[in-house]
Every structure is written in structure tokens, then in C-alpha cells.
Amino acid sequence: MPARRLMIGLAVLGLALLAAGHLGRWWPPGDSLAVARLWLLVAALPVVVGLMLTGARRVALLSGLAVAASGWVTAVALSGGPVADGGELILYQKNMLFDGGERAALGADLIASGADILTLQEVSTANLALLRMLREVYPHQYRCAFAGAGGVAVLSRHPFVAESGSCPAPGIVLVRVDLPGAGPVTVASIHLHWPWPLQQPGQVAAILSALDAAAGPVLIGGDFNMQPWGCLLYTSPSPRD
């Protein structure tokens, strides 16, 4: 039965790709496959139906269970983690885009947000002018160079703890912000490379080491170039206050 063999072949191929996309913690190409997980989950539905219609009910059942398990893991990742209730603090996260654009509109939006802290990526030479424009509202700024697209930066209305800014690994800036009534908090702005075969796996390891050594509490904003269920999720240290 050619139709049945075709559906079984599609199921085996699809499940192999889906399973490989869960292995990013141990196998970097898994993170690249994880980017397509939602499409694979959607594509699996007609395959399961096709298996049922062609009489491959046992394969359909096993495939359905595997798809459901993958979907559940993905839904848990998308739901995020617990949020601490520590009072009101507004952090605005933005990839500025290295080639600029409507910088005046972006600057107006950043100011209108009323954010206490900005975490920015792709702070290129073209975007440095905007940082200078923002200095009146966000006088405390720390930037680290990163790759060709531009650096990462933290801007704050509130003062930095003296000599606390650092660039501990490629694509991360760390700085301690002294919040009124709350005390110092470490703020990280992160920009990751694209997944394997680019440098993201090694970069993640270096950044996690830097975060693990940072004084808590830690606030993170960034452009991670990864789905929520990818490598950073699997290998991140335990949550800290």
C-alpha cells in the first residue's frame, strides 16, 4: 500500500526532526531544528490523520502521543516562569537595528515609555547619536562592543554603582543600578549570535558563566535569536531573587 508507506515514512522523518529539536542542551544543531518546532507540530496533524485513514493506527497513536508530548513541553516553555512581586519597575527592551531608521520616532517612544531602565542591542555607530539624545533623560549609560551589527547597552534614569559596569563575555553588558528604595540590582543586556552553525552555543556558555557570577538580583533584557524552548532555557542556572 504505497499511501500507507508514504504516511509512515513522513511520520518517521517528522518525528526524528521533532525529537532532534529537543536535544539542544547536548547537541547544538538541535537548537537550529528547534526554531522550526511549531511548524513541525502543525505539519504533524495531517500526517497523523493520514496514518489513521490508511490503516496505520498503531503508528498514528504513537505519533500522536509524541506530538502531544512535544507540544506540552513547548507550551510550558512559552508560559514563562514565575514573576516576583517587588514593586513597580519598568524595563524597556529593544533591538535598535544597526542600520537605524526612524531614530527620532524610536527615541520619542523610549522616552514616552517612562521606563526606568533600557536594555538595547545593535547599538551601532549610526545609533550612538540617539544615545546622546537620550542622555538628558537617561544620563547613566554603559555600552559594550559586539560583532558587526553593533554593541549592547544599558541606559538608566537611576545612577550606576561606581565601577560596576563590565563586558564579561561577547554580547553581554552587566552593570549595577542603584534603585531608589530598593538598592542595587544587576542589569544585563544580551545579544546572542544566531544558532548553530554560528557561534551561539559557545557564547551561551560564556554568558551563563558571567550571569552565574553576577550579584543578585539580576534583570535581563535581550535579543536571544532563539525560541523560548531553546538552549538558553535548558542550560540556564536556577532562578535567583
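Here the closest non-hydrogen pair linking Gln203 and Leu192 is OE1-CA, 3.4 Å. Here the closest heavy-atom approach between residue Leu131 and residue Ala153 is recorded as CD2-CB, 4.5 Å. Of all heavy-atom pairs between Glu122 and Asn127, the closest is O-ND2, 2.9 Å. Of all heavy-atom pairs spanning Ala214 and Leu174, the tightest one is CB-CD1, 4.3 Å. Nearest heavy-atom pair across Leu120 and Ser189 is O-OG, 2.9 Å. A pairwise comparison of heavy atoms in Ala20 and Trp27 identifies CB-CZ3, 3.7 Å as the closest pair.
Rounding to the nearest 0.5 Å places CH2 of Trp194 at 15.0 Å from CG of Asp31. If you take CG on Asn225 and CD1 on Ile190, they are separated by 12.0 Å, rounding to the nearest 0.5 Å. Within the model, atoms CG of Leu179 and OG of Ser156 stand 7.0 Å from one another, a figure rounded to the nearest 0.5 Å. Between atom OG1 of residue Thr54 and atom CD1 of residue Ile8 there is a gap of 6.5 Å, rounded to the nearest 0.5 Å. To the nearest 0.5 Å, atoms CG (Asp178) and NE2 (His140) are separated by 9.5 Å.
Contact annotation: the side chain of Leu128 approaches that of Arg143 to within less than 4.5 Å [non-hydrogen atoms, C-beta and beyond]. Thr186 places none of its side-chain heavy atoms less than 4.5 Å from the side chain of Leu219. Annotation: side chain of Val154 is not in contact with side chain of Leu118 (no heavy-atom distance under 4.5 Å). Using a 4.5 Å cut-off on side-chain heavy atoms (C-beta onward), Leu15 and Ser63 make contact. Looking at heavy atoms from C-beta onward, Arg57 lies in side-chain contact with Met52 at the 4.5 angstrom threshold. Residues Gln121 and Asn95 form a side-chain contact, since some pair of their non-hydrogen atoms from C-beta on lies under 4.5 Å apart. At a threshold of 4.5 Å between non-hydrogen side-chain atoms, the residues Ile111 and Leu134 count as touching.
Linking Ile, Leu, Val, Met, Phe, Trp and Tyr whenever their side-chain heavy atoms come within less than 4.5 Å puts Leu13 and Val67 in one cluster. One hydrophobic cluster, built from ILVMFWY side chains closer than 4.5 Å, cannot hold both Leu61 and Val59; they sit in different ones. If you chain together hydrophobic residues whose side chains sit under 4.5 Å apart, Leu106 and Val137 fall into the same group. Tracing side-chain contacts under 4.5 Å through hydrophobic residues (I, L, V, M, F, W, Y), one reaches Val185 starting from Leu89; they form part of the same cluster. Cluster annotation: Leu62 and Leu51 are assigned to distinct hydrophobic clusters (Ile/Leu/Val/Met/Phe/Trp/Tyr, side-chain heavy-atom contacts under 4.5 Å, transitive).
Using modelled atom types, one side-chain atom of Gln200 and one backbone atom of His193 make a donor-acceptor pair closer than 3.5 Å. Looking only at distances, no side-chain donor or acceptor of Ser164 sits under 3.5 Å from a matching main-chain atom of Val175. In this structure a side-chain-to-backbone donor-acceptor pair under 3.5 Å is present from Ser113 to Leu110. Side-chain atoms of Gln93 come within 3.5 Å of backbone N or O of Gly222 as a donor-acceptor pair. Put simply, the side chain of Gln141 gets close to the backbone of Tyr138: a donor and an acceptor are under 3.5 Å apart. Between the side chain of Arg157 and the backbone N or O of Ala115, at least one donor-acceptor pair lies under 3.5 Å. Counting only distance, with no hydrogens or angles, the side chain of Ser32 and the backbone of Trp196 share a donor-acceptor pair below 3.5 Å. For Arg176 (side chain) and Ala215 (main-chain N/O), a donor-acceptor pair under 3.5 Å exists by modelled atom type.
Checked by atom type, the side-chain pair Asp116/Tyr92 shows no donor-acceptor distance below 3.5 Å.
Under the side chain to side chain contact (heavy atoms under 4.5 Å, CB included) test applied with His191, the options Thr119, Asp223, Ile172 reduce to a single match, Asp223.
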Check step by step if side-chain contact (heavy atoms from CB on, under 4.5 Å) holds for Leu155 and Ile117. CA-CA 6 Å; Leu155 279 60; Ile117 298 169; over 6 Å; no
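The list of side-chain hydrogen bond (donor to acceptor under 3.5 Å, both in side chains) pairs with a residue in residues 67-78, not counting sequence neighbours, reads His22-Ser70, Arg37-Thr74.
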